[in-house]
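Okay, structure first, notes after.
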Amino acid sequence: MAAPWWHGKVAYQIYPKSFCDSNGDGMGDLPGVRSKLDYLKELGVDLLWLSPVYVSPMVDQGYDIADYRQIDPRFGTMEDMEALIRESKKRGMALIMDLVVNHCSDQHPWFQAALRDPEGRYGRYFYFKEGVAGGPPNNWRSAFGGSCWEPVPGRNNLYYFHTFAKEQPDLNWEHPELRREICDMVNWWLDKGISGFRVDAIINIKKDLSWRSGPPDSPDGTCSVFQMLPKTREIGAFLGELKETCLTPHGAFTVGEVFDITRDRLPEFGGAEGYFSTLFDFEHCLVNQTGVHWYQHQPVRFGPWREAVFRAQEEAQRGGVYPANLIENHDQPRGASYFIPAEDYGFHSVTALATLSLLLRGIPFLYQGQELGMCNYPFASPEEFDDLSTREQYARALAGGRTPEQALAVCAQYSRDNARTPMQWTGGAAAGFTTGTPWLPVNPNYPTVNAEAEQADPNSVLAYYKKLIALRKDPALAPVLAEGAFAPAYREEKSVFAYRRIAPEASCLVLCNYAAAPCELAFAQPVGRVLLNNYPELAQEPGSLHLKPYQAVVLEQRGPGVRT
Ligand code: GLC
């Protein structure tokens, strides 16, 4: 069977509010995105994922949608959207939108009507329940903190359910009329010519309808709303319907944001016949999560991180899933800060991280600014946080006994705002992002870390990314780098991140010395062709390689079954 078209592609996530501002209001917009299409084309990406641009009160930065069929005026008009679809296509790039249908905004007309009459037609689009013993219906804690239940104004003892913020009421997928509305809307967008969707928080659409309290996992007696996920296996009926009535007829590409499914369900969700084309692999982004709240987390350690990547790759391969790989997105801190110790940050570490991530088996998803080496923002006070979940985590850290300084340090490390500071285009005012005042401050490293400077420098992170993307997409290497099998290598080495991509006729060894100290590595066979190297040379002698700090090389070996 021929591989799907998107196996040979590289994807790029645009966070429109922070990408490029065309009208000086301090927020990015669609004409801004359009003005950068040539930059993206030159970078070599083929598939653009646009975070939400629908009408929204922006409580959760557009993931709270008040009208699924209109563009928020902050971002432009429907004509701007259509022009963006057209212009992307013209350059051979596919555009996918964010599909946020676990919940909508509390300002959506459906919810406004439901609040007026919870027992009426639109009341059935949501979950309303009576409280218990003078409190909410159960002890579930929402993803952004606080109860999942919000009292209905003007009603005694009636609550509505929200997995995320209280301004994001959950949609009731049990109700056929609601599902029909969603399908119509999805088809409407696909008919406009978008190529598919990144599907937000989709695992949450099925609820545990017993609504029973769970064992507390926090000192306040609450338990995470996500504890219900293992009890919601029948989600397949909803997803199958969405696939059959909307996605398959349009040949849509979809990437699911699917947390917490057990490994045996990978094929069902992301296999060749799965509900989605592919699924994001988040395993490695969670390796620091040693508790339920940020202040309980530990910095990433190399060994567990590498194991998480290997495990996820092996499980995806076994399950027939071609995964979507990333090191950062709009919900994560910057990969260059999360996976690289601060004292080691620099060209070699950033390009080593890029190399080992982009050549994994699967489709790479870059996040805006990653290709420049953008890193976390140096937050100096809690007032600088905009993100609602960061503010909540700051309060949690204080409640958990951390000092204000400790709480700030933790939140600065993990805040989603790190990824949301403006894209750094130039060394000029506001990094060339806007002529006005940017909605979030620009990272002070912009005089050196910016697209203009890096475009002019053949040894920049950006220049390396271009080479790396070109390599990943080289049609001659597709049997290996797009379709080849994955196998870990040098697993016994303490600081080497290495793996092979193996095809019948050739294989590639991706080899990174992921440490600030040099390393000597036993290497029995000829080195083969060096396809990429983040240093000018590769030092070798018979039987061994000498890798410099954070040196990354890609070696091609011809012939079947090559192994170290
Ligand atoms: C997803 C989005 C995140 C958002 C949440 C609620 O996880 O990626 O940004 O806050 O869903 O919509």
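Start at 1 and go down the list; that is how both ligands and their atoms are numbered. Computed from a prediction, not measured in an experiment: that's the story for all the values here.
Cation-pi geometry between K17 and W439 is met: the NZ or CZ atom falls under 6.0 Å from the ring centre, inside 45° of the normal. Taking the ring axis of W188 as reference, the NZ or CZ atom of K192 stays within 45° of it and closer than 6.0 Å to the ring centre.
For atom 12 (O) of ligand 1, the closest heavy atom belonging to the protein is H103 NE2, 2.8 Å. Here the protein heavy atom with the shortest distance to atom 8 (O) of ligand 1 is D331 OD2, 2.4 Å. Closest to atom 7 (O) of ligand 1, if we only count protein heavy atoms, is E257 OE2, 2.8 Å.
A salt bridge is defined here as a Lys NZ or Arg NE, NH1 or NH2 lying under 4.0 Å from an Asp or Glu carboxylate O, and R198 with E257 meets this definition. Remark: D170 engages K207 in a salt bridge, criterion side-chain N to carboxylate O under 4.0 Å. Electrostatic pairing of R420 and D387 counts as a salt bridge here, judged by a charged N lying under 4.0 Å from a carboxylate O. Ion pair R141/D217 flagged as a salt bridge, since at least one NZ, NE, NH1 or NH2 atom sits closer than 4.0 Å to an Asp/Glu carboxylate oxygen.
Interface of H330 with ligand 1, defined as ligand atoms under 4.0 Å from a residue heavy atom, comprises 2 (C), 3 (C), 8 (O), 9 (O). If you number the atoms of ligand 1 from 1 as listed, the ones under 4.0 Å from a heavy atom of R198 come out as 2 (C), 8 (O). Here is the list of ligand 1 atoms found below 4.0 Å of a heavy atom in R416: 3 (C), 4 (C), 9 (O), 10 (O). Using a 4.0 Å cut-off to heavy atoms of F144, the atoms of ligand 1 that qualify are 10 (O).
Ranked by closest heavy atom to atom 1 (C) of ligand 1, the top entry among D200, D60, L388 is D200.
With a 4.0 Å cut-off on non-hydrogen atoms, H162 does not touch ligand 1 at all. At a heavy-atom distance under 4.0 Å, no atom of Y15 approaches ligand 1. Counting heavy atoms closer than 4.0 Å to ligand 1, residue Q61 contributes nothing at all.
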* To do: Would you please test W149 and N138 for side chain to side chain donor-acceptor pair (under 3.5 Å) and show each step?
  => CA-CA 8 Å; W149 299 96; N138 63 28; 2.8 Å; yes
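Of all heavy-atom pairs spanning Q332 and C285, the tightest one is OE1-CB, 3.8 Å.
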